[in-house]
Asker: 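Got a structure for you, written out below as structure tokens; questions coming shortly.
None of these values were measured; they are calculated from a predicted model. Only heavy atoms go into these numbers, but all of them, side chains included; no hydrogens, no water, no symmetry mates.
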Amino acid sequence: MKKSPFSHPHLGWFKHRRQLDRRDITVVDSDMLKRAVGAAALGNAMEWFDFGVYGYIAVTLGKVFFPTTDASTSLIATLATFAIAFLIRPIGGAFFGPLGDRYGRQRVLAATMIAMALGTFAIGLIPSYASIGIWAPIALLTARLVQGFSTGGEYGGAATFIAEYSTDRRRGLMGSWLEFGTLAGYVAGAGLVTLLQVGLGEQTMLAWGWRVPFLLAAPLGLLGLYARTRLEETPSFKAYALEAEKREHARPGWRYLFTAHWRQLAKCVGLVLVFNVTDYMLLAYIPSYMTVSLGYAESKGLILVIVVMILMMPLNIAGGFLSDRIGRRPMILGASAALLLLSIPCFHLIQSHSDGLIFMGLMLLGIALAGFTSSMPSTLPALFYTPIRYTALSVAFNLSVSLFGGTTPLLMAWLVKKTTYLDTPAWYLMGAAFVGIVTMLTVRETAGMPLRGSPPAVGSAEEAKDLLQSGAAITVDPVPPAAT
């Protein structure tokens, strides 16, 4: 009896080169791929629209929900509420991840979209501290916890969805659109806040203007939900699910995840650390840092960061294209090395009070961040095998974000206030960059190769024929991992 390529329920597809035949190769529908990428990126854009709004309106929110005579204390309280929501993200990842691995990526991503939109919309309805006292920050925290729980299943699912839909040769380019959505969401959120602040003025913003960005979550959520419900399940998951049914639902459990794949989980945590510390430092903390710690005009700081993000968007797509050509390792190692060397000079430029020099410092950090945003969405899903990809990526990603990424704005605001040392954020970035370099040196190159536990994916029948004749590697690991 011929042995199934799915005979190991914990791995999915695994064959050696000599066993490959034409029936194993997936030819990806290009139209469906574009729709999948668009729907995943739209959901990510909505998530980061909220984070962009929260980060850029943090000073105003502090006055609404945490009134005090000390601006720094008010800001820290607001950022603490921002950070606390990250503590529940691993729980959300542990909840949605197994559901995505068992019932499909598409269904779970639709559910996370609904919960995320409801949590954001609810913030816009909360009365101020002046109206209901302590219940106002409690309600804000509750809404943030709903957001955090749903977000726990969002990034891991969206990255998995795009990676499993993409062809092997273009996975970097396709994945970069996920972070294009992140930047688009940030730009939309920050741009809207800036327009409201300039157009309405401080008093009107405090009275009701701050609510507008959060209330927009409802129509955006409906749009994203519509886009996601029109998608089919990924080819990789459909192939695995079919074989899983034949095996009477034999699936890997938590024990196998942590015994056989703990090294990959640790690598994911390290990569997400440098990625998200840089992300939250530049996009969520620095606008408040410039206003509160440096005394820079709030609207001017927001505009400069928005311009940097707009310029990062094409750089992100170019970086994804480049990662398919030169590999993920050079991209991530290069970005980490840039942070290690340039963080101190960049923060000195930001502290200069010269608009041109501040923009230069922000842009250099933005270019380094683009090295991560363009290549991480294709690097992280490739760490794991198909049967456990959603779960593993969601848990490791959110654990790292909770401990290191989401706490960055709060920790930096507190340290800068306590020490009055304005270079503290630069040293934190350098520490994250060192972790990124050490971690990436242990990660195998996956550019141009099939995902672990998935058959080769190509864009046409001609590519499939070329693959059969090329002799190229079809698995990242020469032998499958074994539980210990």
Asker: Between Phe347 and Tyr289, is the ring centre distance below 6.0 Å?
Answerer: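 Between Tyr289 and Phe347, which both carry aromatic rings, the centre distance is below 6.0 Å.
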Asker: Is atom CZ of Phe359 surrounded by more than 12 heavy atoms (other residues, nucleotides or ligands) closer than 6.0 Å?
Answerer: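 Yes - once you tally the heavy atoms of other residues, nucleotides and ligands closer than 6.0 Å, there are more than 12.
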Asker: Compute whether any side-chain donor of one residue and acceptor of the other, for Glu164 and Ser454, lie under 3.5 angstrom apart.
Answerer: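 No, no side-chain donor-acceptor contact under 3.5 Å.
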Asker: Counting neighbours of OH on Tyr421 that are heavy atoms of other residues, nucleotides or ligands and sit closer than 6.0 Å, is the number greater than 12?
Answerer: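 Yes, enclosed.
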Asker: Do Val395 and Pro90 come within less than 4.5 Å of each other through their side chains, counting heavy atoms only?
Answerer: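 The answer is no; the side chains never approach within 4.5 Å.
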Asker: Could you tell me whether the side chain of Cys268 reaches within less than 4.5 Å of the side chain of Leu393, counting heavy atoms only?
Answerer: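 Contact flag for Leu393/Cys268 side chains = yes.
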Asker: Below 6.0 angstrom between ring centroids: does that apply to Phe237 and Tyr390?
Answerer: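 No; Tyr390 has its ring centre 6.0 Å or more from that of Phe237.
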Asker: Taking the inter-plane angle between the rings of Phe397 and Phe275 on a 0 to 90° scale, is it parallel (under 30°), tilted (30 to 60°) or perpendicular (over 60°)?
Answerer: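 Correct class here is perpendicular.
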Asker: Is the shortest side-chain heavy-atom distance between Ile162 and Arg171 below 4.5 Å?
Answerer: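 A side-chain contact under 4.5 Å is absent here.
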Asker: Find out whether Phe321 and Ser374 are in side-chain contact, i.e. whether some heavy atom of one side chain is under 4.5 Å from a heavy atom of the other.
Answerer: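 No, their side chains stay 4.5 Å or more apart.
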Asker: Does a donor on one side chain and an acceptor on the other come within less than 3.5 Å for Thr391 and Asp101?
Answerer: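 Result is yes, a qualifying pair exists.
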Asker: Any side-chain heavy atom of Val416 sitting closer than 4.5 Å to one from Leu422?
Answerer: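 A side-chain contact under 4.5 Å exists here.
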Asker: Any side-chain heavy-atom pair from Met376 and Leu271 closer than 4.5 angstrom?
Answerer: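 A side-chain contact exists here, since the closest heavy-atom pair is under 4.5 Å.
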Asker: Do Thr204 and Leu196 have side chains that get closer than 4.5 Å, going by heavy atoms?
Answerer: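 They are not in contact (no side-chain heavy atoms under 4.5 Å apart), so the answer is no.
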Asker: Please determine, by modelled atom types, if Thr167 and Arg170 share a side-chain donor-acceptor pair under 3.5 angstrom.
Answerer: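 Arg170 and Thr167 do not have a side-chain donor-acceptor pair below 3.5 Å.
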Asker: Check whether any side-chain heavy atom of Ile126 lies under 4.5 Å from a side-chain heavy atom of Trp135, and answer yes or no.
Answerer: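 The answer is no, as the side chains (C-beta and beyond) never meet within the 4.5 Å cut-off.
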Asker: Establish, for the pair Arg389 and Tyr385, whether the NZ or CZ atom is under 6.0 angstrom from the six-membered ring centre and no further than 45 degrees off its axis.
Answerer: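 Geometry flag: not set, cation outside 6.0 Å or 45°.
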Asker: Ring pair (Phe, Tyr, Trp, His ring centres under 6.0 Å), that's the test. Do Tyr280 and Tyr285 meet it? Break it down for me.
Answerer: CA-CA 6 Å; Tyr280 285 97; Tyr285 172 66; over 10 Å; no
Asker: Are Arg35 and Glu232 ion-paired here, with the side-chain N under 4.0 Å from a carboxylate O?
Answerer: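 No.
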Asker: Begin from the C-alpha positions of Ser323 and Ser375 and carry the test side-chain hydrogen bond (donor to acceptor under 3.5 Å, both in side chains) through to its verdict.
Answerer: CA-CA 6 Å; Ser323 76; Ser375 50; 5.9 Å; no
Asker: Side chains of Tyr296 and Asp355: any donor to acceptor distance under 3.5 Å?
Answerer: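 Looking only at side-chain atoms, Tyr296 and Asp355 do form a donor-acceptor pair, the distance falling under 3.5 Å.
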Asker: So, Thr151 versus Glu154: side-chain donor-acceptor pair below 3.5 Å or not?
Answerer: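 Their side chains do not contain a donor-acceptor pair, so the 3.5 Å distance test is not met.
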